[in-house]
Amino acid sequence: MLLNGKLITHKNIAGDYYLMEFKSHELAEAAGPGQFVHVKCGSTNDPLLRRPISIHKADKDKGIIALLYRVAGKGTRLLSLMEPGDLLDVMGPLGNGFQLPKPSEKVAVVAGGIGVAPLFFLVQLLVNAGNDVQMYIGARTSQDLLAVKDIKKLGVDVKLATDDGSAGYHGLVTDLLPEKLQKVDRIYTCGPFPMMKSVAYLANKYNVPAQVSLEEKMGCGVGACLACSCKIKINGESVYKRVCTEGPVFNAGEVDWEC
Amino acid sequence: MLKPNLAVDIGGIVMQNPVTTASGTFGFGREYSEYVSINELGALVVKGTTLYPRQGNAVPRIAETPAGVLNSIGLQNPGVDYLIEHYVPFFKSLQVPVIVNISGETVEEYAAVAEKLDKAGGVAGIEVNISCPNVKKGGMAFGSDPAMAAEVTKAVKSSTTIPVIIKLSPNVTDITKVAEAVAAAGADALSLINTLLGMAIDITTRRPVLGNVMGGLSGPAVKPVALRAVWQVYKAVELPIIGMGGISTAEDALEFILAGAAAVAVGTANFVNPRATIEVKQGIERYLIENGIKNINDLIGAAHGN
Ligand SMILES: Cc1cc2nc3c(=O)[nH]c(=O)nc-3n(C[C@H](O)[C@H](O)[C@H](O)COP(=O)(O)OP(=O)(O)OC[C@H]3O[C@@H](n4cnc5c(N)ncnc54)[C@H](O)[C@@H]3O)c2cc1C
Ligand SMILES: Cc1cc2nc3c(=O)[nH]c(=O)nc-3n(C[C@H](O)[C@H](O)[C@H](O)COP(=O)(O)O)c2cc1C
Ligand code: FES
């Protein structure tokens, strides 16, 4: 759907990171974890295209959608200037999100940096469904560890890792995984490509199914322009799929990680 | 006042209003069905189709420039046989004409695709892309040489009875030369413009932004160039023109119509506003009513005076 959502809150939560909440009952009702909205940043022709931002939270009762984003360039900088009361021009919910596991399954969720944005929504649903969830969050510094408190509040155990050792384990979040992977039934991950690639490698090694959320530059967001292609292996052959439509969530085993 | 007449005739394709979609920006139509009822459009122009499936170019395939977009999709498409099997039944279910955009690496390939579409039915027009800047073979090479352009036109015309629209490239010294050549070769109508060849460089990585290095520029940034091309071609040939390049609003569309376009296509603007086609149509109708113009055809080329 295409709508104007009224901003309720908008906060700079740390460094370049912002948390925005806007009102839309229809969107909150329709949204699934791993889906995204396509946002018009600013009202002029520069930047021209919409920007894909994951749905961070969807509160169906209150009709509120939350977005968690990092100021990366022109578009997100303009977005960060919006104030409560302003109307946000969004399309969504778009894309093919995470597939939920059976309630009995033990799940590991691995986030890198801003990749935690879509995973909060997922973790919340997993907790509500009664899944046993172990969360891993990695980032460059303690400042870049996002949504940790919110996730802990759900009663989920969170293991942290930072590149500079300023919080949690000093090193890559994927270093923490091997001891756990023998004991989980499913993995979900979103973050930088190299991180997801090593999660996919480990998932394959320990024979655990994993779902990854990919990123690509987008045009339309609805499958019409073929800008957002990514390589997916089907029966050993690499074919292009659209991140905006068949994705952004794919099975890790199907992604062509060498591209 | 009575509702003005919005219907136009593009080389035998009757459109209930002058607004259509630019190939490659609207998929095969269904992608936007949540936002646009296709039956309200004048026609649907779908993604470029080739004889064999094409994977397209490496990513990133899209980059932004001020008020514009560079794309290097590279004609990714499932091939004409797939289109006929999976999309033509949908085309047949629509009440508006569907125009299939085609491309080829050789003259024979263009002809073969046209012949298959002719047999399949459900296709009201064939738009021949001789102007794609994103493929190594064929594409723009045909569009920048009047003799080659004429050859492709003749080959397609002799393979089908469906009206043939030739889509021209702005990446030429004199667009009227190509327009004249394809008109003489039997084209039923013209589409212009395709994208302008351009590029962008990322100063952090110090490499070209697009995976394919160069790409085609579209969006509001190209509008003045497109409008100029329509103006020149309208003066040079008698054929109906589908004008495109940076149209986002009814005002933009009206400029093209006044310059000589009988119909207009909305491309990149769909990405920004998925309802752009419908809003352009409604705005044109409002303009006609407000200005007491009974027939859109009276406006075509009106900026040229008499
Ligand atoms: C499905 C999806 C969900 C996303 N969810 C979130 C989210 O929840 N929070 C968040 O902060 N970001 C998210 N992103 C990334 C976000 O879309 C980009 O950061 C944003 O488009 C950058 O726009 P800009 O104008 O600020 O920067 P630009 O000036 O356009 O670019 C700045 C930098 O960001 C990179 N970039 C631009 N577009 C993208 C893109 N689509 N994906 C990845 N990198 C890009 C550029 O290469 C450049 O290095 C998501 C991307 C996708 C594809
Ligand atoms: C993503 C994208 C894909 C395109 N694919 C095609 C195509 O397959 N065949 C074609 O003839 N033109 C293609 N075009 C060109 C458009 O149809 C149109 O001529 C051009 O973009 C100018 O119009 P606009 O500024 O309104 O987008 C494509 C343009 C874009 C942006
Ligand atoms: S962004 Fe257009 S097809 Fe995915």
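Reminder, nothing fancy here: chain letters follow the sequence lines and each chain counts from 1.
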task = Check whether B:Glu64 gets within reach of chain A through its side chain, its backbone, both or neither, counting any heavy atom under 4.5 Å.
result = side chain
Side chain to side chain contact (heavy atoms under 4.5 Å, CB included) between B:Asn171 and B:Thr195, worked out = CA-CA 8 Å; B:Asn171 302 307; B:Thr195 54; 5.7 Å; no
ask   = Taking B:Gln55, B:Glu34, B:Arg275 one by one, which has the highest count of heavy-atom pairs under 4.5 Å against chain A?
value = B:Gln55
ask   = Within the distance-only criterion (no hydrogens, no angle test), does the side chain of A:Asn251 pair as donor or acceptor with the backbone N or O of A:Gly253 below 3.5 angstrom?
value = no
inquiry  = Heavy-atom cut-off 4.5 Å, strictly under: side chain, backbone, both or neither for B:Phe26 against chain A?
reply    = backbone
Which atoms of A:Met1 approach chain B - backbone, side chain, both or neither, heavy atom under 4.5 Å = both
query = Checking B:Ser248 against chain A: side chain, backbone, both or neither under 4.5 Å from a heavy atom?
reply = neither
request  = For B:Glu255, check salt bridge (Lys or Arg N to Asp or Glu O under 4.0 Å) against everything at least two apart and list the hits.
outcome  = B:Lys223
query = Where on A:Ser238 is there a heavy atom nearer than 4.5 Å to chain B: the side chain, the backbone, both, or neither?
reply = backbone
inquiry  = Can you tell me which portion of A:Lys40 sits under 4.5 Å from chain B's heavy atoms? Options are side chain, backbone, both or neither.
reply    = side chain
request  = Could you tell me whether the side chain of B:Arg54 and the main chain of B:Tyr52 form a donor-acceptor pair under 3.5 Å?
outcome  = no
inquiry  = Could you check whether B:Arg61 makes a cation-pi contact with A:Tyr240, meaning its NZ or CZ is under 6.0 Å from the centre of the six-membered ring and within 45° of the ring axis?
reply    = yes
query = What's the shortest heavy-atom distance between B:Asn129 and B:Leu75, and which atoms?
reply = ND2-CD2, 4.2 Å
query = Highest number of heavy-atom pairs under 4.5 Å with chain B: which of A:Arg51, A:Lys74, A:His38?
reply = A:Arg51
